[in-house]
Amino acid sequence: MKEQTSITDIEKKDKMTKITGSEALMLSLLQEGVEVIFGYPGGAIMPVYDALMNHEDKIRHILTRHEQGAIHAAQGYARVTGKVGVCMTTSGPGATNLITGVADAMVDSTPIVCLTGQVTSPLLGSDAFQETDVIGITMPVTKWNYLVTQADEIPEVIAQAFYIARTGRPGPVVIDLAKNAQFGELNFKYKKCTSIRSYVARPEIEADKIKEAAKLINKAKKPYVLFGQGVILGRAEKEFRAFIEKSGIPAAWTILGKSALPTDHPLNVGMLGMHGNYGTNIKSNECDVMIAIGMRFDDRVTGDLSKYAKQAKVIHLELDPAEINKIVKADVAVLGDVKESLPMLTEKIERKTHESWIKEFKDCDKIEYEKVINKALYPDKPGLTMGEVVRIITEKTNGEAIVVTDVGQQQMFASRYVKLNHTRSFVTSGGLGTMGFGLPAAHGAKIGAPDKVVIGIIGDGGFQMTIQELATINQTQAAVKLVLLNNTYLGMVRQWQQLFFNKRYSATKLKNPDFIKVAEGFGIKGRKITERSTLENGIEEMLNYDGPFLLEVEIEKEANVFPMVPAGASVSDVMFSSD
């Protein structure tokens, strides 16, 4: 191993002592507190990987088996830790393989810094081997990107990258490093970025808007809170809870807002959206004041906009000015950091209970339980259901686990039925809906939270999109628990084909491999469950096993997830079954 070089040592040396751009990059990452990099090496990033060896005691590199696995792992790490996730790849296909994850992080506001290698500056634009226009390709799906062509740019650019990624509404940043910049030399000096001209990370809160919002809330008979991931990203869970407990207002969450408020909190009325709870959806069209906090009115939440919450006065607390009035017009827009605006609002509202209004939600819960939930969690048919698997996992972990999902039916069942006690304990691909997210994101989450039980709930379709990351898990021996819910279909697409395309199951039937043998081939212990009598024991074995574990559960093939608001329908048009 090479002799370790510290930042202090470098800065103490004579000003004429120079280091390479690659070494400057490593020292810059250390200054930003980076402890883990998920990546895959190649020719155009090789100088950086060489410099990485000088700092193996401080920065852990995790070699994924695909670049998409690297960025999804970085996303899982970022989501559970609140830190900036870091991934690193080479140029050309290495960089383009990141794009899906970059787009996913952009939509879901995940702070990521992606470091990509690039051909040497004189070759730019010449169609050199493994050259692609990474800046042009990633511009629409990044918060910021930059091509480094000179070594002396590196410290300042990295400082700006981390500042932009983590501040304001978080998001992904791509830094493309020309190979000559990695080899070039500079006098290293690092200064953390604290501001950038024209970039306003935290808009100033207008006191008059707080007063207007408080006035509407105090007069409301049926106020309703919709909260999203902004509460988590703003680290405002405590402030949010104080607000709803003083106001007594029922609160429903978007899929990314799940875990900001404990599932069993008496004012937590459930999930919004296409497969959300019955009461949370229909009451959107019955409330008189709607308070949206850190959420963006996604189309899966609103349904038909022409019929959405037309009776309500809308208050929108939001950090990103672009989200105000973008989809739903706000009567009062409170722009600013919710960690600051919520206490200001809480101070001005009256203490209330709204018992009769909350009872309306509970009455809806009874209807939903009879029509859907009881059958999903306690089925009386031979076939196993996704709901009962999720229920038993929750019972065995007491709401203390971190749950990561892929995309599809299992995502909706997990979102609906997993109970969680702590924030940053639910990780999923929300806005982009990226299949293949679950497996590497669960690994990244376990790397970020090694002392927590991390459970990845994945369908058989998404599992096969990034199945090679089992090798990465075997290499790190991270004790992530993977639950594969196998119905031999692309389940969510098949459900839509059943309901809206006359059961014409086009290209959704899967011929799957023996997943347990595949896992064993990757060095991962596994077990397959086909009978209800062994399900609880199988989950216990998985949780108690000291190491990574794959539990495959054979699920009823044509089961659907309900309730459901059909695409384009009003949130009041809730389906309870396929009949």
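Side-chain atoms are counted along with the backbone in the values below, which use heavy atoms only and exclude waters and symmetry mates. Computed from a predicted structure; not experimentally measured.
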Checklist line | Within 6.0 angstrom of Glu347 CD, more than 12 heavy atoms from elsewhere | finding: no
Item checked: Whether Asn285 side chain and Lys307 backbone form a donor-acceptor pair below 3.5 Å -> yes
Next item on the list: Return yes when atom NZ of Lys371 has more than 12 non-hydrogen atoms of other residues, nucleotides or ligands closer than 6.0 Å, and no otherwise.
Entry: no
Check: Any side-chain donor paired with an acceptor under 3.5 Å for Lys143 and Tyr199?
Finding: yes
Note to self: We want to know whether Gln498 and Arg494 form a side-chain donor-acceptor pair, criterion being a heavy-atom distance below 3.5 angstrom.
What the structure shows: yes
Margin query: Can you tell me if Phe501 has over 12 outside heavy atoms packed within less than 6.0 Å of its CZ?
Written below: no
Next item on the list: Give a yes or no answer on whether the side chain of Asp460 reaches the backbone of Asn486 with a donor-acceptor pair at less than 3.5 Å.
Entry: no
Notebook entry, point to check: Would you say the ring centroid of Tyr278 lies under 6.0 angstrom from that of Phe562?
Noted result: no
Notebook entry, point to check: Taking atom types as modelled and ignoring hydrogens, do the side chains of Glu400 and Asn421 form a donor-acceptor contact shorter than 3.5 angstrom?
Noted result: yes
Check: Has the side chain of Lys83 got a donor or acceptor atom that lies under 3.5 Å from a matching backbone atom of Tyr77?
Finding: no
Notebook entry, point to check: Any side-chain donor-acceptor pair under 3.5 Å between Asp108 and Gln229?
Noted result: no
Notebook entry, point to check: Looking just at side-chain N and O atoms, do Asp104 and Thr434 make a donor-acceptor pair shorter than 3.5 Å?
Noted result: yes
Next item on the list: Would you check, one step at a time, whether the test salt bridge (charged side-chain N to carboxylate O under 4.0 Å, His left out) holds for Arg169 with Glu318?
Entry: CA-CA 10 Å; Arg169 180 176 177 175; Glu318 174 60 48; 5.1 Å; no
Item checked: Lys452 NZ: over 12 foreign heavy atoms closer than 6.0 Å -> yes
Margin query: Considering only residues two or more places apart or on different chains, which pairs with a residue in residues 417-442 satisfy ring-ring contact (aromatic ring centres under 6.0 Å, His included)?
Written below: His72-Phe437
Check: Taking atom NZ of Lys503 as the centre, does the number of heavy atoms from other residues, nucleotides or ligands within less than 6.0 Å exceed 12?
Finding: no
Next item on the list: Using modelled atom types only, decide if a donor and an acceptor are shared between the side chain of Asn268 and the backbone of Pro262 within a distance under 3.5 Å.
Entry: yes
Check: Within a reach of under 6.0 Å around NZ of Lys246, are more than 12 heavy atoms found that belong to other residues, nucleotides or ligands?
Finding: yes
Next item on the list: Measure from the side-chain N and O atoms of Arg416 to the backbone N and O of Gly276, and report whether any donor-acceptor pair falls under 3.5 Å.
Entry: yes
Next item on the list: Please determine, by modelled atom types, if Gln68 and Thr100 share a side-chain donor-acceptor pair under 3.5 angstrom.
Entry: no
Notebook entry, point to check: Between Glu536 and Lys396, does at least one N-O distance fall below 4.0 Å, as a salt bridge requires?
Noted result: yes
Notebook entry, point to check: Are the charged groups of Glu206 and Lys211 less than 4.0 angstrom apart, N to O?
Noted result: no
Next item on the list: Ignoring hydrogens and angles, state whether a donor on the side chain of Asn487 or Glu556 is under 3.5 Å from an acceptor on the partner side chain.
Entry: no
Check: What pairs of residues pass the ring-ring contact (aromatic ring centres under 6.0 Å, His included) test when at least one of them lies in residues 303-336, not counting sequence neighbours?
Finding: Phe297-His316
